[in-house]
Amino acid sequence: MSSKAKTAIAYQLPNRVDRSDGIYIKVRGRWMYLYRAIDSNGDTVEFWFSERRNLTAAKRFLTRALKRHGRPERIVIDGSRTNREAILSCDTADRLENSSQRDLKPTRIRQSAYLNNRIEQDHRAIKRRIRPMLGIRSIRCARAILGGIEMVHMMRKQQANYARNPQS
């Protein structure tokens with residue numbers, strides 16, 4: 001097999017490892033949850049702000065991440081049982097939908113607090129911005145602020161594509 005063919009196969013079957021975690025943020029005196037996921041290169045895969053940390057919210061976050069970025073080979077999470085159940089549920093649904101294309105292997109789940117150090121370090125940029133604020137007053141405001149912080153963080157990692165005006 002030539003090197004070009006090996007490269008083409010490598011692009012078709014990605015060996016991607018995602019790390020998923022979240023942080024609590026206080027809004028109007030209530031703790032809410034920011035779900036985040038990064039890939040093995042440290043690039044942000046997805047983020048989502050939720051009022052609750054439950055199975056429904058975890059499924060919504062994961063289906064959105066899988067829809068936009070595809071299925072990873074492995075997902076590393078902390079000891080959260082909710083995240084594990086959401087991954088198993090979303091992976092099963094994804095494999096059933098795509099069963100006609102090819103045999104999809106189930107996504108492997110690694111539960112370890114120490115393997116998630118990369119995403120814990122990635123949380124620092126958000127925590128550094130939120131800590132000096134005197135509190136976020138509404139959920140709508142929190143979503144806007146967190147979306148802006150995440151976008152700036154993605155720009156720093158040279159991950160965002162900038163829109164250009166073709167006329168200038």
Side-chain angles (χ1 to χ4, degrees), residues 11-27 30-102 104-112 115-116 118-127 129-130 136 138-163:
Y11 284 126
Q12 291 172 358
L13 302 171
N15 188 7
R16 200 177 86 215
V17 179
D18 285 356
R19 285 149 169 62
S20 179
D21 196 20
I23 55 175
Y24 282 100
I25 296 170
K26 194 178 260 190
V27 178
R30 290 179 43 214
W31 288 105
M32 301 195 180
Y33 202 69
L34 175 66
Y35 287 93
R36 301 187 69 242
I38 61 171
D39 64 4
S40 51
N41 297 326
D43 293 336
T44 302
V45 173
E46 191 66 47
F47 61 93
W48 190 65
F49 184 66
S50 173
E51 294 181 42
R52 294 177 186 87
R53 183 182 184 190
N54 57 14
L55 185 60
T56 307
K59 279 184 184 179
R60 191 173 297 155
F61 166 70
L62 282 168
T63 53
R64 190 171 156 188
L66 293 174
K67 187 176 171 184
R68 287 188 182 181
H69 300 282
R71 296 177 71 240
E73 182 181 313
R74 287 180 296 182
I75 298 178
V76 179
I77 58 173
D78 55 0
S80 172
R81 190 165 187 81
T82 306
N83 287 342
R84 181 179 177 79
E85 290 175 13
I87 291 167
L88 290 172
S89 174
C90 292
D91 188 48
T92 303
D94 191 42
R95 284 190 297 146
L96 287 174
E97 286 177 8
N98 296 329
S99 63
S100 62
Q101 295 174 359
R102 65 175 191 262
L104 294 174
K105 294 180 182 177
T107 301
R108 292 188 297 166
I109 301 171
R110 301 271 322 258
Q111 281 187 296
S112 173
L115 292 176
N116 245 0
R118 182 174 285 168
I119 195 165
E120 294 295 341
Q121 293 302 314
D122 204 51
H123 288 329
R124 248 193 314 184
I126 292 153
K127 290 179 181 178
R129 291 281 192 186
I130 296 232
I136 301 175
S138 71
I139 296 170
R140 194 184 82 201
C141 184
R143 284 196 173 111
I145 289 170
L146 293 170
I149 291 170
E150 287 283 355
M151 182 53 77
V152 168
H153 190 55
M154 289 169 68
M155 288 168 155
R156 281 195 185 133
K157 293 191 284 187
Q158 298 177 352
Q159 189 180 349
N161 295 326
Y162 299 104

Problem set entry | Approximate separation, where rounding is to 0.5 Å, of R68 CZ and T63 OG1 | 10.5 Å
For this session: Any salt bridge (charged side-chain N to carboxylate O under 4.0 Å, His left out) involving residues 56-66? Give me the pairs, sequence neighbours left out, ordered by first then second residue.
Result: E46-R64
Exercise. What's the spacing between D18 CG and D43 CG if we round to 0.5 Å?
Worked result: 10.5 Å
Problem set entry | Closest non-hydrogen atom pair between V27 and A142, with its separation | CG2-CB, 3.9 Å
Problem set entry | Distance (rounded to the nearest 0.5 Å) between K127 NZ and I23 CD1 | 6.0 Å
Exercise. Taking everything shown except R143 itself, do over 12 heavy atoms lie less than 6.0 Å from its CZ?
Worked result: yes
Exercise. Distance from I38 atom CD1 to H123 atom NE2, nearest 0.5 Å?
Worked result: 8.0 Å
For this session: Any chance you could measure L66, atom CG, to I87, atom CD1, to the nearest 0.5 Å?
Result: 8.5 Å
For this session: Please lay out, stage by stage, how I130 and I136 fare under the test side-chain contact (heavy atoms from CB on, under 4.5 Å).
Result: CA-CA 9 Å; I130 296 232; I136 301 175; 4.3 Å; yes
For this session: Would you name the heavy atoms of L55 and A86 that are closest together and state the gap between them?
Result: CD1-N, 3.7 Å
For this session: Return each pair, listed once, that meets ring pair (Phe, Tyr, Trp, His ring centres under 6.0 Å) where at least one residue sits in residues 35-66; pairs must be two or more places apart or across chains.
Result: Y33-Y35, Y35-F61
Exercise. Roughly how far apart are I145 CD1 and I25 CD1, rounded to 0.5 Å?
Worked result: 10.0 Å
Problem set entry | Residue pair I109 / I77: nearest heavy atoms and the distance that separates them | CG2-CD1, 3.9 Å
For this session: Give the minimum heavy-atom separation between M32 and S50, together with the two atoms involved.
Result: CB-O, 3.5 Å
For this session: Determine, step by step, whether D78 and N83 satisfy the side-chain contact (heavy atoms from CB on, under 4.5 Å) criterion, reporting the C-alpha distance in whole Å, the side-chain angles of both residues, the deciding distance to 0.1 Å, and the verdict.
Result: CA-CA 9 Å; D78 55 0; N83 287 342; 4.1 Å; yes
Exercise. Hey, are T82 and R53 close enough side-chain-wise for a donor-acceptor pair under 3.5 Å?
Worked result: no
Exercise. For the side chain to side chain donor-acceptor pair (under 3.5 Å) test, which of R74, R71, E73 pairs with T107?
Worked result: R71
Seminar exercise, completed: Here the salt bridge (charged side-chain N to carboxylate O under 4.0 Å, His left out) pairs for residues 31-42, sequence neighbours left out, are R36-D122, R36-E150
